[in-house]
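Quick notes on the structure that follows.
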Amino acid sequence: MGKIIFYEDRNFQGRSYECMSDCADMSSYLSRCHSCRVESGCFMVYDRPNYMGNQYFMRRGEYADYMSMMGMSGGIRSCRMIPMHKGSYRVRIYERENFGGQMYELMDDCDNIKDRYRMSNCKSCNVMDGHWLMEQPHYRGRMMYLRPGEYRSFREMGYDGMRFSSIRRINESC
């Protein structure tokens with residue numbers, strides 16, 4: 001079970017809201033959110049309600065002023081708890097939308113898809129086992145949380161023009 005505490009102001013000041021599950025819209029609990037503390041588990045936080053907008057991965061720790069650290073301009077508006085997966089990890093990545101073009105099946109982290117697989121772009125995927133983070137090269141830049149399911153078009157998900165080229169498993173060591 002995960003637990004995250006959000007605070008209205010930097011350095012864990014002001015009103016707080018404790019969360020142990022998904023929250024689609026934090027505005028009914030806090031007028032703003034500028035710091036947080038993850039006491040257990042892992043979470044994805046979003047800068048827009050309903051799990052939309054930029055995503056950021058949060059693991060156990062203190063984030064006294066994450067807005068300047070992560071470049072968030074509007075603060076956290078929604079969050080999703082990431083369940084810890086026990087077992088194998090498996091994802092198929094595709095060069096084009098709708099599972100077209102080159103396909104590779106991964107079971108481990110990959111810090112640079114282009115270098116390892118000679119795949120210039122990744123535009124769709126199918127997560128069969130586990131929870132994954134897709135990012136720009138070497139686990140930097142914008143993120144996309146992937147749970148089991150089909151993702152036919154990253155463009156239609158709001159990632160038009162993004163080149164995701166690294167992927168890692170979300171597990172206890174994250």
Could you grab the distance from atom CG of Asn171 to atom NE2 of His85, nearest 0.5 Å is fine? 9.5 Å
Let me confirm one number: the CD1-CZ distance from Ile82 to Arg147, rounded to the nearest 0.5 Å. 10.0 Å
Once you measure the plane-to-plane angle for Phe12 and Tyr7, does it fall in the parallel (<30°), tilted (30-60°) or perpendicular (>60°) bin? perpendicular
Tell me, do Glu135 and Arg168 make a side-chain contact under 4.5 Å, heavy atoms counted? yes
To the nearest 0.5 Å, what is the distance between CZ on Phe154 and SG on Cys122? 4.5 Å
Any side-chain heavy atom of Ile93 sitting closer than 4.5 Å to one from Ile113? yes
Do Tyr29 and Cys23 have side chains that approach each other closer than 4.5 Å (heavy atoms only, starting at C-beta)? yes
Of the non-hydrogen atoms in Tyr46 and Met52, which two are nearest, and what is the gap between them? CB-O, 3.3 Å
Any heavy-atom pair between the side chains of Phe57 and Met44 that's under 4.5 Å? yes
Are Val91 and Met103 connected, step by step, through hydrophobic side chains (Ile, Leu, Val, Met, Phe, Trp, Tyr) whose heavy atoms are closer than 4.5 Å? no
For Arg48, all residues meeting salt bridge (Lys or Arg N to Asp or Glu O under 4.0 Å), sequence neighbours excluded: none
More than 12 heavy atoms of other groups within 6.0 Å of Arg152 CZ: yes
Results of side-chain contact (heavy atoms from CB on, under 4.5 Å) for Glu156 - residues two or more places apart only: Ser153
Can you check whether Gly100's main-chain N or O pairs, donor with acceptor, with Asn98's side chain at less than 3.5 Å? no
Any idea how Trp132 and Tyr89 line up, ring-wise: parallel (<30°), tilted (30 to 60°), or perpendicular (>60°)? perpendicular
For the atom pair CG (Asp25) and SG (Cys79), what is the distance rounded to the nearest 0.5 Å? 11.0 Å
If you take all heavy atoms of Glu105 and Met128, which pair is closest and at what distance? OE1-CE, 4.0 Å
Measure the spacing between CE of Met119 and CG of Asp115 and express it to the nearest 0.5 Å. 13.5 Å
Can you label the angle between the Tyr145 ring and the His131 ring as parallel, tilted or perpendicular, going by 30° and 60°? parallel
Any residue meeting side-chain contact (heavy atoms from CB on, under 4.5 Å) with Lys114, in chain and number order, not counting sequence neighbours: Asn112
Can you hop from Met162 to Met134 via hydrophobic side chains spaced under 4.5 Å? yes
Just so I know, are the side chains of Ile5 and Glu39 near enough to count as touching, which here means a heavy-atom distance under 4.5 Å? yes
Quick one: are Leu146 and Leu133 in side-chain contact, heavy atoms under 4.5 Å? no
Hits for salt bridge (Lys or Arg N to Asp or Glu O under 4.0 Å) against Glu8, two or more places apart or cross-chain, chain-then-number order -> Arg15
With sequence neighbours excluded, what pairs up with Asp160 under the side-chain contact (heavy atoms from CB on, under 4.5 Å) test? Arg155
State yes or no: do Met58 and Phe6 share one hydrophobic cluster built from I, L, V, M, F, W and Y residues joined by side-chain heavy-atom distances below 4.5 Å, directly or via other members? yes
Apart from Met107 itself, residues in the same hydrophobic cluster as defined by side-chain heavy atoms under 4.5 Å: none
Write down the atom of Phe43, the atom of Gly2, and the distance for their closest heavy-atom approach. CZ-C, 3.7 Å
Output all residues satisfying side chain to side chain donor-acceptor pair (under 3.5 Å) with Arg32, sequence neighbours left out; order by chain, then residue number. Asp9
Between Arg90 and Asp129, does any side-chain N to carboxylate O distance fall below 4.0 Å? yes
Residues that Arg163 engages under salt bridge (Lys or Arg N to Asp or Glu O under 4.0 Å), provided they are two or more places apart: none
Pairing residues for Tyr139 by the ring pair (Phe, Tyr, Trp, His ring centres under 6.0 Å) criterion, not counting sequence neighbours: none
Sorted by chain and number, sequence neighbours left out, salt bridge (Lys or Arg N to Asp or Glu O under 4.0 Å) with Asp108 holds for Arg169
Sidechain N-carboxylate O distance under 4.0 Å for Glu95, Lys123: no
Strictly distance-based, threshold 3.5 Å: is any side-chain N or O of Glu62 a donor or acceptor partner for the main-chain N or O of Arg37? no
Step by step, would you call Arg10 with Asp65 a salt bridge (Lys or Arg N to Asp or Glu O under 4.0 Å)? CA-CA 5 Å; Arg10 289 172 178 80; Asp65 185 10; 3.0 Å; yes
How far apart are the C-alpha atoms of Ser35 and Tyr63, what are their side-chain angles, what is the distance that settles it, and do they pass the side-chain contact (heavy atoms from CB on, under 4.5 Å) test? CA-CA 6 Å; Ser35 59; Tyr63 303 87; 5.9 Å; no
What one should report as the nearest heavy-atom pair of Ser78 and Ala24 is CB-O, 3.3 Å
Scanning both residues in full, the closest heavy-atom pair of Cys110 with Tyr117 reads SG-CE1, 3.9 Å
Could you check if a side-chain atom of Met84 sits within less than 4.5 angstrom of a side-chain atom of Cys42, using non-hydrogen atoms only? yes
On a heavy-atom basis, which atom in Gly130 and which in Pro148 lie closest, and how many Å separate them? O-CD, 3.4 Å
Residues which pass side-chain contact (heavy atoms from CB on, under 4.5 Å) with Ser124, listed by chain and number, not counting sequence neighbours: Tyr94, Phe99
Is there a side-chain contact between Met81 and Lys3 (heavy atoms, below 4.5 Å)? no
Applying salt bridge (Lys or Arg N to Asp or Glu O under 4.0 Å), which residue pairs with at least one partner in residues 80-89 are found, sequence neighbours left out? Asp22-Arg80, Lys86-Glu172
So how far is it from Arg59 CZ to Ile4 CD1, rounded to the nearest 0.5 Å? 13.0 Å
ILVMFWY cluster, Ile167 and Met143 together (side-chain gap under 4.5 Å): no
